[in-house]
Amino acid sequence: MSSNRFAPPPGGADILSDHESTVVMRSSDALVRPTGEDCLVCIYGGPIGKRFILGQDETTIGRGKKCTIVVEHSTVSRQHAGLTGSRGQRFVEDLGSTNGVYINGVLDKKKGLQSGDYIKIGDVIFKYLAGDNIESIYHEEIYRLAIEDGLTQIPNKRAFDAFLEREFARAARYDRPLCLMMIDIDRFKQINDQFGHVAGDHTLTALASLLKPRIRKDECFARYGGEEFSVVMPESTLNGAARYAEIIRAYVESYKFTFEGSQIPLTVSIGVAQHRKEIKTPEGLIQAADKCLLLAKKLGRNRVVLQDLKD
């Protein structure tokens, strides 16, 4: 395994955030027709992939019915944010919202936008797209949304399933080692209850950002669902995967996760399983790792449990 992922924690530097939730949104226009104008694309928390064209007039986003883009969610203020200007000089501004506006994970009152910027409005994430070939940019974004989690910007469960199926078939055919690690944030509901859902979303993004650079290129680190992550590890034995899982557990425990000045205590439980002849399908390997994860939770959390090869 690569040595760079065994580096000690950086001592508490904060990580940028994002969000998560289910949101119902609608545009003031019944249909959004393709044009050359720049746009916002919903990438998380609402109708994923929906495009909102931005014209020369101010675009308002909020829960209020008179807003240009209506976001019906309790975390969104009646008039949450406004966008003004035109391509190349487009600005987003907080209109006095309760939960603020985040641009690329940073809380800001007003900021100029560049194509590709992420705008978080309550529990919804938009991506700002602009460029001479806007149709091509938009379709590339739609493809990306099919395989990437909009909150954490790591592979989603669909990408995980495809990767695991391919590597499982290779391991079975050539008798090569393959391990699966399932990682779950401990007491995630308490984090949401104590610090709020926006902070909960931040911890998910922060954890993904913390671990992503330490995953090898031939591995798949994905958001499996909710507060659960996974790592598919081709060419890794159970002992090697176990050592890495323990490094991840200790790394997360020692890292100082903060959100808007508050430190959020965060630990993870990890289950690790290895492919063997008795496991006939990728789903069987997932079940074996999940069984270990469940036992880690039952034993008190913040620990690694390995598959018993004698089972």
Side-chain angles (χ1 to χ4, degrees), residues 1-9 147-149 152-186 207-255 267-299 301-311:
M1 294 185 187
S2 171
S3 61
N4 65 337
R5 65 186 187 183
F6 301 108
I147 60 174
E148 186 176 285
D149 176 56
T152 59
Q153 279 86 62
I154 63 173
N156 59 18
K157 188 176 183 299
R158 179 177 178 179
F160 161 84
D161 287 339
F163 187 94
L164 179 60
E165 184 175 356
R166 181 176 68 250
E167 291 301 326
F168 188 92
R170 191 179 73 89
R173 182 174 182 178
Y174 298 108
D175 193 25
R176 302 301 301 168
L178 173 67
C179 284
L180 175 63
M181 186 188 308
M182 302 300 286
I183 306 168
D184 192 81
I185 297 177
D186 294 327
L207 180 62
S209 298
L210 184 69
L211 299 183
K212 183 178 179 180
R214 293 160 180 84
I215 305 299
R216 296 188 306 194
K217 291 183 178 180
D218 61 343
E219 298 172 341
C220 178
F221 173 49
R223 186 179 179 195
Y224 188 76
E227 64 271 25
E228 193 169 1
F229 297 83
S230 61
V231 185
V232 184
M233 308 176 69
E235 302 298 330
S236 289
T237 64
L238 187 62
N239 286 338
R243 287 194 297 270
Y244 181 39
E246 177 56 29
I247 288 171
I248 286 178
R249 185 208 63 76
Y251 194 81
V252 172
E253 182 183 28
S254 64
Y255 194 87
T267 61
V268 294
S269 297
I270 304 176
V272 184
Q274 176 180 290
H275 170 262
R276 53 185 179 176
K277 293 181 179 179
E278 293 80 4
I279 299 177
K280 302 298 184 182
T281 65
E283 291 74 19
L285 185 59
I286 294 172
Q287 291 173 4
D290 270 337
K291 180 180 178 182
C292 296
L293 176 60
L294 181 61
L295 183 56
K297 294 284 190 180
K298 289 183 177 180
L299 291 175
R301 301 178 175 86
N302 191 25
R303 66 190 62 220
V304 176
V305 170
L306 309 180
Q307 172 189 32
D308 185 354
L309 296 181
K310 297 179 181 181
D311 284 348

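Index from 1, following the sequence.
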- prompt: What is the distance from atom CG of Leu180 to atom CD of Gln307, rounded to the nearest 0.5 Å?
  reply: 10.0 Å

- prompt: If you measure from CG on Asp149 to OH on Tyr224, what distance do you get to the nearest 0.5 Å?
  reply: 14.5 Å

query: For the residue pair Pro213 and Ser209, what are the closest heavy atoms and their distance?
result: CD-O, 3.1 Å

message: Can you tell me how the ring of Phe221 sits relative to the ring of Phe229, calling it parallel under 30°, perpendicular over 60° and tilted otherwise?
response: parallel

- prompt: So do Ser236 and Arg216 actually touch side chain to side chain, heavy atoms under 4.5 Å?
  reply: yes

message: Can you list everything that forms a salt bridge (charged side-chain N to carboxylate O under 4.0 Å, His left out) with Lys297? Sequence neighbours excluded, please.
response: Asp184, Asp186

CA sep, side-chain torsions, deciding dist, call: Ile248, Met181, side-chain contact (heavy atoms from CB on, under 4.5 Å): CA-CA 11 Å; Ile248 286 178; Met181 186 188 308; 3.8 Å; yes

- request: Output the distance between atom CG (Leu306) and atom CD (Gln274), rounded to the nearest 0.5 Å.
  value: 10.0 Å

message: Just verifying a value: how many Å separate Leu294 CG and Leu299 CG, rounded to the nearest 0.5 Å?
response: 9.5 Å

query: Can you check whether Pro234's main-chain N or O pairs, donor with acceptor, with Glu167's side chain at less than 3.5 Å?
result: no

task: Carefully, step by step, assess Val231 and Leu211 under the rule side-chain contact (heavy atoms from CB on, under 4.5 Å).
output: CA-CA 10 Å; Val231 185; Leu211 299 183; over 6 Å; no

query: Does some side-chain heavy atom of Arg249 sit less than 4.5 Å from a side-chain heavy atom of Glu253?
result: yes

query: Between Phe168 and Ile279, is any pair of side-chain heavy atoms under 4.5 Å apart?
result: yes

field: Whether Glu227 side chain and Ile185 backbone form a donor-acceptor pair below 3.5 Å
entry: no

statement: Interatomic distance, CG@Leu164 vs OG1@Thr281, rounded to 0.5 Å, equals 9.0 Å

task: Side-chain contact test, heavy atoms from C-beta onward, threshold under 4.5 Å: evaluate it for Asp290 versus Glu228 and give yes or no.
output: yes

message: Check this for me: Arg301, atom CZ, are more than 12 non-hydrogen atoms of other residues, nucleotides or ligands nearer than 6.0 Å?
response: yes

statement: Minimal heavy-atom distance between Pro282 and Glu165, with the atoms involved, is CG-CA, 4.0 Å

field: Test item: Leu293 and Ser269 side chains (from C-beta on) under 4.5 Å apart, heavy atoms
entry: yes

- request: Using a 4.5 Å cut-off on heavy atoms from C-beta on, say whether the side chain of Ile215 contacts that of Ile154.
  value: no

- prompt: Just by modelled atom types, is the Met182 backbone N or O under 3.5 Å from a matching donor or acceptor in the Ser230 side chain?
  reply: no

field: Nearest-0.5 Å distance that lies between atom OH in Tyr244 and atom CE in Met233
entry: 6.5 Å

query: For the residue pair Ala245 and Val272, what are the closest heavy atoms and their distance?
result: CB-CG2, 3.8 Å

task: May I ask you to test the Val252-Ile183 pair for a side-chain heavy-atom distance under 4.5 Å?
output: no

- prompt: Is it true that Glu235 and Arg170 make a salt bridge, defined as a side-chain N closer than 4.0 Å to a carboxylate O?
  reply: yes

